[in-house]
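Predicted model, so just to flag it, every value in this text is computed and none were measured.
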2 protein chains.
Amino acid sequence: MIKLSGYETAAHDHLDVTFAALADPTRRAILARLARGEASVMELAEPFAMTQPAISKHLKVLERAGLVSRGRDAQRRPCHLEARPLRDATEWLEGYRRFWSESFERLDGLIDELKSMGERDMTASDEQPGGRP
Amino acid sequence: MIKLSGYETAAHDHLDVTFAALADPTRRAILARLARGEASVMELAEPFAMTQPAISKHLKVLERAGLVSRGRDAQRRPCHLEARPLRDATEWLEGYRRFWSESFERLDGLIDELKSMGERDMTASDEQPGGRP
DNA sequence: TGGTTAGATAACTACTTGGGAATATAGAGG
DNA sequence: CCTCTATATTCCCAAGTAGTTATCTAACCA
């Protein structure tokens with residue numbers, strides 16, 4: 001039997017870098033902050049007991065993962081959230097939904113689930129995106 | 001201002017280890033295999049150009065992340081998928097759905113989205129869970 | 001008992017990562 | 001020009017990771 005070396009599908013070969021970027025609490029908090037709108041590096045660094053270069057490094061990781069893009073405003077390099085990789089990651093995870101949701105097969109069950117999803121408490125925690133912009 | 005050291009919420013403090021576990025293609029492939037049912041370490045190792053100890057290590061990572069649990073069948077230690085952390089990760093990501101889904105606010109849009117989700121092509125790739133059990 | 005099979009553990013290497021300190025660059029505004 | 005501010009880069013270190021080979025343990029089987 002042929003041993004697999006490249007068993008990644010083209011559709012998902014950036015999941016590595018996406019999930020790796022999401023595996024750090026500082027970076028998830030940065031994303032949560034950016035969900036409330038653009039922010040400069042200084043603004044992003046402010047809540048953390050961490051030096052600015054450390055934040056810059058986290059931003060580079062997020063940038064490589066395509067999760068943030070950056071503009072230019074004089075000396076500032078404002079960051080903003082790019083959700084596309086999050087969508088891809090979510091889609092990958094959705095493939096496993098049936099393993100925790102017994103009603104997955106029933107469409108009305110799905111609809112109920114989605115309704116409650118739409119209603120669910122979005123109260124901001126440091127790890128969750130903030131209120132609607 | 002108080003610098004945050006523990007900015008993780010209790011609800012999500014295992015996201016670190018979950019996302020880290022998902023950041024490796026071998027481990028995602030193992031999960032996809034386990035989505036089709038229990039498997040022994042040997043069975044899991046077979047498709048990979050990798051030694052058995054390497055697979056054992058990946059399994060330990062997945063086990064620490066709570067993504068697999070293991071039973072005992074004579075010498076075999078069958079693994080099976082534990083989806084709970086996947087659910088938590090998905091829920092965290094769903095908090096960002098509005099950033100890629102313009103129709104997020106409209107419930108009927110959500111329902112449409114979910115319908116197509118239920119119907120969508122689940123053709124097995126190495127990175128996706130297999131067919132319905 | 002001994003042998004075989006499944007799996008875990010250990011020891012090692014090469015590479016990456018998250019952090020800090022110090023320094024460098026870039027642009028704004030005297 | 002010089003200086004201040006925002007950000008990036010470089011160098012260093014400790015720790016973690018992904019893989020290897022070799023060895024150990026545990027359970028079955030003859």
Side-chain angles (χ1 to χ4, degrees), chain A residues 3-8 13-31 33-34 37-65 67-80, chain B residues 3-8 13-31 33-34 37-65 67-80:
Chain A
K3 294 293 181 177
L4 304 176
S5 51
Y7 37 80
E8 292 251 62
D13 51 2
H14 47 302
L15 286 177
D16 274 38
V17 73
T18 302
F19 282 130
L22 295 179
D24 185 282
T26 302
R27 289 192 291 261
R28 288 197 304 277
I30 287 174
L31 292 181
R33 168 63 187 81
L34 292 179
E38 278 203 351
S40 69
V41 177
M42 284 306 191
E43 286 164 357
L44 290 172
E46 197 275 335
F48 299 101
M50 208 177 292
T51 59
Q52 167 264 315
I55 299 295
S56 277
K57 281 199 205 170
H58 281 302
L59 288 173
K60 198 149 71 177
V61 172
L62 291 168
E63 214 176 347
R64 269 198 320 144
L67 284 162
V68 312
S69 60
R70 331 197 49 176
R72 169 71 83 175
D73 165 32
Q75 306 104 314
R76 289 168 204 94
R77 308 290 313 279
C79 305
H80 96 268
Chain B
K3 294 293 183 177
L4 305 177
S5 51
Y7 36 80
E8 292 253 62
D13 51 1
H14 47 300
L15 285 177
D16 275 38
V17 73
T18 302
F19 282 131
L22 295 179
D24 185 282
T26 302
R27 289 192 291 262
R28 289 198 303 278
I30 287 173
L31 292 181
R33 167 63 188 82
L34 291 178
E38 279 201 351
S40 69
V41 176
M42 284 307 190
E43 286 164 356
L44 290 172
E46 197 276 333
F48 299 101
M50 208 176 293
T51 58
Q52 167 263 314
I55 299 294
S56 277
K57 281 201 204 170
H58 282 302
L59 288 173
K60 198 149 71 176
V61 172
L62 291 167
E63 213 176 350
R64 269 198 320 146
L67 284 161
V68 311
S69 60
R70 331 197 48 176
R72 170 69 83 175
D73 166 33
Q75 306 105 311
R76 289 168 202 94
R77 309 289 315 278
C79 305
H80 96 267

Query - Closest nucleotide among C:dG20, D:dA18, D:dT21 to the B:Thr51 side chain - result: D:dT21
Report summary line: With the side chain defined as heavy atoms from C-beta on, B:Lys57 is closest, among D:dT20, C:dG18, C:dA21, to D:dT20
Query raised in the report: Within the structure, does a side-chain N or O atom of B:Ser40 lie under 4.0 Å from either OP1 or OP2 of C:dA6?
Result: no
Query raised in the report: Can you tell me how far the CG atom of B:Leu62 sits from the OG1 atom of B:Thr26, to the nearest 0.5 Å?
Result: 10.0 Å
Query raised in the report: Does A:Arg70 have a side-chain nitrogen or oxygen under 4.0 Å from the phosphate oxygens OP1 or OP2 of D:dT7?
Result: no
Report task. Would you mind reading off the distance between B:Glu38 atom CD and C:dG7 atom P, rounded to a whole angstrom? Result -> 12 Å
Report task. Mind checking the NZ-OG1 spacing from B:Lys57 to B:Thr51? Nearest 0.5 Å is all I need. Result -> 8.5 Å
Report task. Answer with yes or no whether B:Lys60 presents, from its side chain, a donor or acceptor under 3.5 Å of a partner atom in the base of C:dG7. Result -> no
Query raised in the report: CG/B:Asp16 to NE2/B:His14 distance, rounded to the nearest 0.5 angstrom?
Result: 10.5 Å
Query raised in the report: Expressed in angstrom and rounded to an integer, what is the separation of B:Asp16 atom CG from D:dA15 atom C1'?
Result: 15 Å
Query - Net bend of the helix from C:dT1-D:dA30 to C:dG30-D:dC1, end axes of five pairs each, nearest 10 degrees - result: 0°
Query - A:Met50 CE to C:dG18 C1', straight-line distance once rounded to whole Å - result: 8 Å
Query raised in the report: Measuring from B:Lys60:NZ to B:Ile55:CD1, what's the distance to the nearest 0.5 Å?
Result: 14.0 Å
Query raised in the report: With A:Glu43, which residues qualify under side-chain contact (heavy atoms from CB on, under 4.5 Å), at least two apart?
Result: A:Arg33, A:Ala39, A:Ser40
Requested in this report: Name the nucleic acid region contacted by B:Met42, choosing base, sugar-phosphate or nothing; use a 4.0 angstrom heavy-atom cut-off, strictly under.
Outcome: sugar-phosphate
Query raised in the report: To the nearest 0.5 Å, what is the distance between CG (A:Leu44) and CD (A:Glu38)?
Result: 10.5 Å
Please table the atom pairs, donor to acceptor, closer than 3.5 Å between any side-chain atom in residues 67-74 of chain A and protein atoms at least two apart or in another chain.
| from | atom 1 | to | atom 2 | distance (Å) |
| --- | --- | --- | --- | --- |
| A:Ser69 | OG | A:His80 | ND1 | 3.2 |
| A:Ser69 | OG | A:Glu82 | OE2 | 2.9 |
| A:Arg70 | NH2 | A:Arg77 | O | 3.2 |
| A:Arg72 | NH1 | A:Ala74 | O | 3.3 |

Report task. Go through the structure and list residues passing side-chain contact (heavy atoms from CB on, under 4.5 Å) with B:Gln75, not counting sequence neighbours. Result -> none
Requested in this report: Output yes when at least one side-chain N/O atom of B:His58 is less than 4.0 Å from OP1 or OP2 of D:dG19, else no.
Outcome: yes
Report task. Round to a whole Å and report the spacing from CG of B:Leu59 to P of C:dT9. Result -> 12 Å
Requested in this report: Grab the CZ-C1' distance between A:Phe19 and C:dT16 for me, whole Å please.
Outcome: 20 Å
**Report entry** Counterpart residues, side-chain hydrogen bond (donor to acceptor under 3.5 Å, both in side chains), relative to A:Gln52 (two or more places apart)
**Finding:** A:Ser56
Report task. Take the protein atom CG of B:Asp24 and the nucleotide atom P of C:dT17, then report the distance between them rounded to whole Å. Result -> 13 Å
Query raised in the report: Tell me, for nucleotides 22-30 of chain D in 5' to 3' order, what letter each nucleotide earns: B for a base near a protein heavy atom under 4.0 Å, S for only sugar-phosphate near one, - for neither?
Result: B----BS--
Query raised in the report: For D:dA8, does either OP1 or OP2 sit under 4.0 Å from a side-chain N or O belonging to A:Ser56?
Result: yes
Query raised in the report: What integer distance in Å separates B:Leu22:CG from D:dA18:P?
Result: 12 Å
Report task. Please round to the nearest 0.5 Å and tell me the distance separating atom CD1 of B:Ile30 and atom NE2 of B:His58. Result -> 6.5 Å
Query raised in the report: Can you tell me how far P of C:dT17 sits from CZ of A:Arg27, to the nearest Å?
Result: 9 Å
Query - Out of D:dT17, D:dT7, C:dT9, whichever nucleotide has its closest atom nearest the side chain of A:Val41 - result: D:dT7
